[in-house]
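Everything quoted here is computed from the prediction, not taken from an experiment. Remember, it's 1-based here, ligands and their atoms both numbered in the order they're listed.
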Amino acid sequence: MIDLQPVKGTRDFFPDEMRLRNWLFETWRSVSEQAGFEEYDTCVLEHEELYIRKAGDEISKQLYSFEDKGGRRLSLRPEMTPSLARLVLQHKKSISFPIKWFSMPQCFRYERMTKGRRREHFQWNADIIGQPGIVAEAEILLLLISACESMGLSSNKIRIFINDRRILNSILSQIKVPQELHSEVLVIMDKRDKISSEALTTMLAELGMSSKQVEQLNRFLLKSELQELRDSLNDTEGIDELQNLMQLLETAGYADYLQFDISIVRGLSYYTGAVFEVNSPEKQHRAICGGGRYDSLLSAYGGETVPAVGFGFGDVVILDVLKELNRFPELTKNIDYTIIPFDKEQLGTALKIAAKLRLQGSTVDCNFSLKKMKKMMQQANESGAAKAVLLFPDELSENKVVIRDLTLREQKPVKIVDLLSSAE
Ligand code: HAM
């Protein structure tokens, strides 16, 4: 007997779950399109080298990689951003910037399985490339907020915790951590919530930080107010930008959603400016969404520096959150008619009526089980269809069918021509 379980960390989607997934995708798609974002897609297979980074990002260690029959090192994509950068670099001359693009890729990461983290997930990505300045962050954050609001989550249920990598870099510079180590230190700092402080200190020490530097860093990280940091940092570019961004969102009327949080680092080494994540106000989940500014990713692949900002919003945590809050939408099957032949003599007629109704735009299911009429009526009631079309020999001999309204529980004979001319 073969193993019938899905591969560890992956999911099967039964129809009910698929309906929910489609609803989520539709929400993502419609808020993106409403905000002028265009959809793109790429193949799930990419060259492995796209994901290998010097700073030792966790994601590079979680790759599902293999060698194809032509000897190429390939990976299942763990995230979309490198593919997006590849597309932009490849077609840079023909693209008119700025671009606002979105996608909903399935991503694969060989993760340690914990709540909210699986080895496969879908991730809504929205990115703005080629738009300098914090207005791009503001637009990206507004898109994020509109998605949350359209799922019924307002600022009392979710919060965007935001920081700026330049603030973290400026702290590291001030405690004299060499510039070339900053990315690696940040990747380690992102593990703060996941490993013990001793393990963290050891990793930082292995990178070359002294215990005094680690202590100084920890002291900086206790500062929860931007003003407090401003008073103690020499370089305040990150603070200025973050305050401008917060001001912009306040003017737009969405200040309630934003909260400065020095502990937000995000584990991807390509972020260069704002970094943010979405969580409940008490931060009791894994991040619902994560993103930031990544101006140097394209140059890391050999292009010029291009301003870029975006986020990835997974399907796993948000569905857990909506379930917990009892916010799942009511999703029905939306079937207009279910056609029920009485015996096999009417199968052909049933198929013909179904096909004609469908041509006219109705959603039509058929029950070809030829079970007892009582059983088939029970199935019709449970099917979610609005009406049943019953094919009985007597009515059919007069070119009629019986139409039963499954909500009102009323039925009457109707000429087939009338049914076909009245179908929506
Ligand atoms: P990320 O922070 O690695 O960013 O992931 C973004 C989101 O994807 C997470 O907040 C979470 O919702 C979801 N996610 C990630 N890994 C898993 C997993 N193993 N299981 C379930 N959900 C997961 C990125 O991937 C960046 N490329 C996002 C980005 C786009 N930055 C700029 N543009």
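Figure legend: cation-pi geometry between R53 and Y51 absent, as NZ or CZ is not positioned both under 6.0 Å from the six-membered ring centre and within 45° of its axis. The cationic group of R165 does not satisfy the cation-pi geometry with Y271, failing either the under 6.0 Å distance to the six-membered ring centre or the 45° limit from the ring axis.
The residue from S83, G314, C289, G292 that puts a heavy atom closest to atom 10 (O) of ligand 1 is C289. Counting heavy atoms only, Y270 comes closest to atom 26 (C) of ligand 1 of the residues Y294, F313, Y270.
In terms of protein heavy-atom proximity, atom 2 (O) of ligand 1 is closest to R266 NH2, 2.5 Å. The protein non-hydrogen atom at the shortest distance from atom 12 (O) of ligand 1 is I288 O, 2.8 Å. Looking from atom 8 (O) of ligand 1 to the surrounding protein, the closest heavy atom is Q123 NE2, 2.9 Å. In terms of protein heavy-atom proximity, atom 19 (N) of ligand 1 is closest to R118 O, 2.7 Å. Of the protein's non-hydrogen atoms, the one nearest atom 7 (C) of ligand 1 is G312 O, 3.2 Å. Among protein heavy atoms, atom 16 (N) of ligand 1 sits closest to R109 NH1, 3.2 Å. Among protein heavy atoms, atom 9 (C) of ligand 1 sits closest to R117 NH2, 3.9 Å. Protein heavy atom closest to atom 31 (N) of ligand 1, with residue, atom name and distance, is Y271 OH, 2.7 Å.
Less than 4.0 angstrom separates some heavy atom of G116 from each of these atoms of ligand 1: 20 (N), 21 (C), 22 (N). For ligand 1, the atoms lying closer than 4.0 Å to a non-hydrogen atom of E79 are 24 (C), 25 (O), 26 (C), 27 (N). Distances below 4.0 Å separate heavy atoms of V316 from the following atoms of ligand 1: 21 (C). Near D127, meaning under 4.0 Å from any of its heavy atoms, are these atoms of ligand 1: 30 (C), 32 (C), 33 (N). Those atoms of ligand 1 with a heavy atom of E111 less than 4.0 angstrom away are 16 (N), 18 (C), 19 (N). Interface atoms of ligand 1 facing A287, defined by a heavy-atom separation under 4.0 Å, are 10 (O), 11 (C), 12 (O). Near N125, meaning under 4.0 Å from any of its heavy atoms, are these atoms of ligand 1: 30 (C).
A salt bridge links R29 with E39: the closest approach of a Lys/Arg side-chain nitrogen to an acidic carboxylate oxygen falls below 4.0 angstrom. The pair D261-K283 meets the salt-bridge criterion, since a charged nitrogen lies less than 4.0 angstrom from a carboxylate oxygen.
Residues N169 and H182 have side chains that bring a donor and an acceptor to within less than 3.5 angstrom of each other. For the residue pair T338/S383, the side-chain donor-acceptor check at 3.5 Å is not satisfied. Side chain to side chain, Q123 and E79 fail the donor-acceptor criterion of an N or O pair below 3.5 Å. No side-chain N or O of R77 forms a donor-acceptor pair with one of Q106 less than 3.5 Å apart.
In this structure, the side chain of Q131 does not engage the main chain of I99 through any donor-acceptor pair within 3.5 Å.
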Stepwise side-chain hydrogen bond (donor to acceptor under 3.5 Å, both in side chains) test for N125 and S103
CA-CA 5 Å; N125 277 248; S103 192; over 6 Å; no
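Every heavy atom of P82 sits 4.0 Å or more from the atoms of ligand 1. Look at M80 and you'll find every heavy atom at least 4.0 Å from all atoms of ligand 1. Using a 4.0 angstrom heavy-atom cutoff, L268 counts as in contact with ligand 1.
With sequence neighbours left out, K194 forms a side chain to side chain contact (heavy atoms under 4.5 Å, CB included) with D190, R286.
The salt bridge (charged side-chain N to carboxylate O under 4.0 Å, His left out) analysis of residues 362-385, with sequence neighbours excluded, yields no pairs.
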